[in-house]
Asks: 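First, the structure itself, so that you have it in front of you.
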Amino acid sequence: MTAGLGDVAGPADLAVTPRRPSAAARRSRNGRYGRWLILTVAGIYFLGPLIAAIAFTLKDSQGGITFTAYRDIFTTSNGQTTLGGALVYSLLISAVTIVITLGLMLPTQLLVHLRLPGWRPFVETLTLLPLVFPPIVLVVGVSNVYAWAAPPTGAAAGTQESAIFHVLRFLREDSHPLLLALLYVILAMPFTYRALDSGIRAIDAQTLSEAARNLGAGWFTVLFRVLMPCLRTALVNAAFLCFALVMGEFTIAAILLYTRPFPVWLAQLPTTSGQVQAAISVFSLLLVEVILLVLGALNVRRPASRKE
Amino acid sequence: MSSLPITTPLSESSFAVGSGATVEYRGVRRVFGAMSALDGLDLRIAPGELLALLGPSGCGKTTALRLLAGFDTPTEGDVLVDGQDVSHTPANKRDMGMVFQSYSLFPTMSATDNVAFGLRMRGQGTRDRRERAGELLELVGLAEHAKKYPHQLSGGQQQRVALARALAVRPRVLLLDEPLSALDAKVREQLRDEIRRIQLELGVTTVFVTHDQEEALSMADRVGVMRSGRLEQCDVPAVLYDRPATPFVAEFVGTMNHIPGRTEEGGRVRVLGQVLPGDAEGTAPPPGTAVDVLVRPEAVVVQAASADQGDAVVMVSTFRGSSVRMRLALRDGSEVLADVASHRAAELATGTHVSISLLDRPVLLAT
């Protein structure tokens, strides 16, 4: 048998015979080139403007490098607040929006999933409405309700104010912008619903909750100790989306005359320095990216660290 | 996967569940819209008994189990445990342990945490929980996997942990909802033996839902066969197999031949040239009525015969270990299945002419 093999092709023959790459190897190589091409184009498209903006912010009048623009962004004000104040304000709105969104959406979606599956199409359609109606419609609605509830113009001092007006005024307070958070909850609904829905579908929520109930757990325990740990990825994803939406939303905040949310603050800067405005954009972009990375790091699964 | 011998004794008295609870369904109906999933179920399960509910998909067996678990409430009737009506008691207040068909371990908890979960809900301290969880994991042969997470365990191991978890709370009733259906044949057989061993040792009343007749017959003290929300027959496996109460039970449990016959006086029936005592469901058909005689393959006696004297020809033989199942073609074109001992297979090869007769015992008639 060994001799037979030697007759066919010995090691020496193999050493001198150039081998053509197989079709599979060629396809693999072409695929690798294709991937690099796509990555390069995408990289230029996304990173190109950012790199150009950074280069612009660092350039001084003599053609050297200066960090003046980045120093100035911390002292620049729109007359109401500075960058730090605007960021804290928006982060606060983000946190409130995330808490309200998850507090409302998670129990609702679990209820629909576990107990009322027939309601799913209705709820799904409802969550899509914010995509159908532009934000301006939402703002006009809020303004109209506010105007309707407010005392008539020229009313005598001491005129009784309606309870709904009190509530709206409280929500509208500039110091605790609950009204903005509530509106952002609605705006974020199409995205958070889908993030949570895909998470709930990925686990067998029905069986897990029944198993926990069978072992003596109440609904609170089922939600917080059994289902929520399984839905951590979906919850973080929903929080991501809320955060990204709040940090970029301008229309509603501006029309309702809020001046402290970060996007509004950015748009209303009195500075005429293009370098400072670009530096603020770069800084905010990097800051949001860092915050998203931190949130993402929280989502890394470390099951082995859990102990009984 | 490790497998424990069936005779492994339990050394710890803490395993004892005590005498199992009595379970009773009294006229239970469960209606979903226009469909009746359970239609007047009356059933009593004795303390420490393992009762299997067997039936095709949609027969109501899982509904019966879910009503007992507390995941659903009956439209009519009562579910009683130890004489106490629990029909409207929430699932988390019923003190029952359940193993589900799908893998139901909590994915973010280790095997120990899973087993200890029910004890935690009962307010037991960490040390007691860990100790008890360790005992139960040892009982199911998974002590060395205590720290693993569900995704690190095989399907069979996951179901063993689920069984340990269900037993950890010392349940009044153990509920098994097709726990073996997702496992491969070998593991299924091992786990079947282990569940039965543990159930016998603990003496816990157990309701086992399955559509696998082999599982039901081999594990249960009694088997309840269900169809369309009703209990057709509930009896010990041997009676269910040998003396099925209805053609449906006869058909569903084991394999059954339908051989044409004709009734005679005195409730007897003529079939394949023999006269045998007949047993019809409901009113016996009058003499001379054409009926189907239901006969098990092992009740068909096969002998080699010459071509002119034979009743049938062996068409196909299927080796089944200790026996061979033969498909026999009769002279009139109909077919009969017969089981013969494997050592006789050589003399009854395919194409052999054979004579067939039936064992002299009562046969079930279907009109």
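Chain A is the first sequence line, chain B the second, and so forth, proteins listed ahead of strands; every chain is numbered from 1.
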Asks: Any side-chain heavy-atom pair from Phe117(B) and Val226(A) closer than 4.5 angstrom?
Replies: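 The answer is yes, as the side chains (C-beta and beyond) meet within the 4.5 Å cut-off.
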
Asks: For the CG atom of Asp95(B) and the CG atom of Asn214(A), what is their distance to the nearest 0.5 Å?
Replies: 9.5 Å

Asks: With a 4.5 angstrom heavy-atom cut-off, is it the side chain or the backbone of Leu105(B) that approaches chain A, or both, or neither?
Replies: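 Just the backbone, heavy atoms under 4.5 Å.
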
Asks: Is the number of heavy atoms from other residues, nucleotides or ligands under 6.0 Å of Arg120(A) CZ greater than 12?
Replies: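 Yes.
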
Asks: Could you grab the distance from atom CG of Asp177(B) to atom CD of Glu210(A), nearest 0.5 Å is fine?
Replies: 9.0 Å

Asks: Any idea which heavy atoms bring Arg225(A) and Met109(B) closest together, and the distance?
Replies: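 Heavy atoms only, the tightest pair is O-CE, 3.7 Å.
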
Asks: Locate the shortest heavy-atom distance separating Arg165(B) from Leu215(A); write the atom from each residue and the value.
Replies: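 Heavy atoms only, the tightest pair is CD-CD1, 3.4 Å.
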
Asks: So for Arg122(B), is it side chain, backbone, both, or neither that comes closer than 4.5 Å to the heavy atoms of chain A?
Replies: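 Side chain only.
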
Asks: For residues Cys230(A) and Thr108(B), report the shortest heavy-atom separation together with the two atoms involved.
Replies: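 Minimum heavy-atom contact is N-CG2, 4.1 Å.
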
Asks: Mind listing the closest non-hydrogen atom pair of Gly218(A) and Asn92(B) along with its distance?
Replies: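 Between these two residues, the closest heavy atoms are CA-ND2, 3.7 Å.
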
Asks: What closest approach, in Å, do Arg213(A) and Pro90(B) show between heavy atoms, and which atom pair accounts for it?
Replies: NH2-CB, 4.0 Å

Asks: How many angstroms lie between OG in Ser104(B) and CG in Leu208(A), if you round to the nearest 0.5 Å?
Replies: 7.5 Å

Asks: Answer with side chain, backbone, both or neither: which region of Phe71(B) has an atom nearer than 4.5 Å to a non-hydrogen atom of chain A?
Replies: side chain

Asks: Would you find more than 12 non-hydrogen atoms of other residues, nucleotides or ligands less than 6.0 Å from Phe32(B) atom CZ?
Replies: yes

